[in-house]
Amino acid sequence: MAFYFQLYWHFLLMIMVIIMLAGLITFLIPRIPSVLVLAFSGLIGLIYSRLIEMEQAYLFFISINLLTTILPILLIRYLQYLKRTAEEMEKRNRRSESS
């Protein structure tokens with residue numbers, strides 16, 4: 001119970017900022033490998049556990065950050081895939097109409 005009360009508003013704020021940063025980085029700079037974004041997120045979780053002086057819970061913070069970072073990365077990669085597929089289908093349709 002004491003562990004729960006030590007996770008104040010800054011934990012949720014960290015999660016929201018991590019989700020937005022991962023989404024923005026993945027969308028604006030698609031050449032960056034997802035593993036680097038995940039490593040950055042894990043590092044933020046480690047730093048957070050040190051800042052609030054809960055070094056025993058570093059695995060919890062790292063895993064939560066990694067799980068919440070995977071979601072926007074997968075969503076944006078899927079949307080980029082759909083965009084490429086739609087463009088390829090449009091090219092095929094133009095070629096077939098002009099023939």
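Since the model is a prediction, treat every value here as computed from it, not as a measurement.
F60 and Y58 fall into different hydrophobic clusters, where Ile, Leu, Val, Met, Phe, Trp and Tyr residues are linked whenever their side-chain heavy atoms come under 4.5 Å apart, directly or through other members. Linking Ile, Leu, Val, Met, Phe, Trp and Tyr whenever their side-chain heavy atoms come within less than 4.5 Å leaves Y81 and M89 in two separate clusters. Side-chain heavy atoms closer than 4.5 Å link hydrophobic residues (I, L, V, M, F, W, Y) into clusters, and following such links, even through other members, never connects L75 to L67.
Using a 4.5 Å cut-off between side-chain heavy atoms of Ile, Leu, Val, Met, Phe, Trp and Tyr, L51 falls into a hydrophobic cluster with L43, I47.
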Throw together a table of side-chain donor-acceptor distances under 3.5 angstrom for residues 12-32, partners on residues two or more places apart or in other chains.
unit_1	atom_1	unit_2	atom_2	d
T26	OG1	A22	O	2.7

With side-chain contact (heavy atoms from CB on, under 4.5 Å) as the criterion, how do Y48 and H10 come out once you've worked through the C-alpha distance, each side chain's angles and the decisive distance to 0.1 Å? CA-CA 10 Å; Y48 178 76; H10 43 80; 2.7 Å; yes
What verdict does the side-chain contact (heavy atoms from CB on, under 4.5 Å) test give for F11 and I64, after you've listed the backbone C-alpha separation in whole Å, the side-chain angles of each residue and the deciding distance to 0.1 Å? CA-CA 10 Å; F11 177 72; I64 292 296; 3.8 Å; yes
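Checked by atom type and distance alone, the side chain of N65 never pairs as donor or acceptor with a backbone atom of G42 at under 3.5 Å. Using a distance-only test at 3.5 Å, with no hydrogens or angles considered, a donor-acceptor pair links the side chain of S63 to the main chain of L59.
The environment of R77 atom CZ is dense: over 12 non-hydrogen atoms of other residues, nucleotides or ligands sit within 6.0 angstrom. For E55, the CD atom counts as densely surrounded, since its 6.0 Å shell holds more than 12 non-hydrogen atoms of other residues, nucleotides or ligands.
Two residues are said to be in side-chain contact when any heavy atoms from C-beta on lie closer than 4.5 Å; L46 and S49 meet this criterion.
Legend: residues meeting side chain to side chain contact (heavy atoms under 4.5 Å, CB included) with L38, ordered by chain and number and at least two apart, are L66, T69, I70, I73.
Using a 4.0 Å cut-off between charged side-chain N and carboxylate O, E90 and R94 make a salt bridge.
For the atom pair CE of M54 and CZ of F61, the computed distance is 5.0 Å after rounding to the nearest 0.5 Å.
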